[in-house]
Amino acid sequence: MRLLLFGPPGAGKGTQARKLVDRYTLTQIATGNIIRAAMKNDTPVGREAKSYVEQGELVPDDVVRKLAEGAIADEGYDDFILDGYPRTLQQATWLTTFLSEHDASLQAVLSLEVDDEEIVDRLSKRRVHAETGENYHLDVNPPPADVDEELIVQRPDDKPETVRNRLSVYRDQTEPLKSYYKERDLLVPVDGTGTPDEVHERIADTLTTLA
Ligand code: AMP
């Protein structure tokens with residue numbers, strides 16, 4: 001399978017990607033995770049990306065392109081689910097060309113649909129495990145009691161001012177990709193509300209209709 005999970009920040013892309021990885025033979029390729037790891041390890045890419053990420057801006061296209069294409073090549077151009085890439089029309093056109101050059105076009109773009117109010121609530125209540133990257137939501141999916149509280153942190157870019165900027169960047173630069181994929185008959189909207197398991201079952205049902 002070659003899938004893309006699409007949606008605004010906080011739509012549940014990361015959570016759903018991990019659930020799909022647990023159920024199918026797939027690898028999650030999340031440019032946000034790759035970038036955060038690069039920042040943590042203070043690599044040249046991490047240093048370049050840092051100020052963009054901290055302000056809720058997009059990292060320049062050519063930087064992210066290399067990360068994404070490298071990760072896809074590492075998977076042998078198959079059995080992956082993209083999460084958070086592409087995020088601009090330029091990235092999408094590069095991706096289409098790159099995948100078609102390797103006979104590996106996308107099979108579906110699963111678009112998680114969640115309204116703005118819920119997104120702001122989810123992001124403000126999102127917490128992550130500093131070491132494993134596991135996501136939690138303070139009300140719906142709180143960290144288990146046996147996890148060291150000090151390791152449960154808020155992503156710096158989940159602070160309210162940055163969230164507002166990320167959402168406006170999404171509307172301006174990323175949401176137009178829906179039309180791009182709709183025109184190519186790849187866009188599959190999925191209701192992203194409800195519990196993570198409910199959304200996962202909806203996605204799984206969708207995948208059986210694609211197969
Ligand atoms: P995420 O974890 O997907 O929310 O990504 C966190 C941050 O990493 C984003 O707010 C951007 O600054 C950067 N980022 C991740 N993926 C991309 C991408 N495809 N294009 C540009 N910037 C990205």
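Heavy-atom basis, side chains included; hydrogens, waters and symmetry copies ignored. Values in this document were obtained by computation on a predicted structure and should not be read as measured data. When a ligand or atom number is given, it counts from 1 through the structure's own listing order.
- No option in L112, L82, T15 other than L112 meets the side-chain contact (heavy atoms from CB on, under 4.5 Å) test with L5.
- Salt bridge absent: E201 and K19 never bring a charged side-chain N and a carboxylate O closer than 4.0 Å.
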With a 3.5 Å cut-off and sequence neighbours excluded, list the donor-acceptor pairs that the side chains of residues 68-76 form with protein atoms.
residue : atom : partner : partner atom : Å
E69     : OE2  : R65     : NE           : 3.2
E75     : OE1  : T27     : OG1          : 3.1

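- A side-chain N or O of Y180 and one of T96 form a donor-acceptor pair less than 3.5 Å apart.
- The pair R166-D158 counts as a salt bridge, with a side-chain nitrogen and a carboxylate oxygen less than 4.0 angstrom apart.
- In this structure, V147 and H129 have side chains that are in contact, with non-hydrogen atoms separated by less than 4.5 Å.
- Under 4.0 Å from any atom of ligand 1, one finds heavy atoms of residues T31, G32, I35, R36, V53, E57, L58, V59, V64, G84, Y85, R87, Q91, R155, D157, R166.
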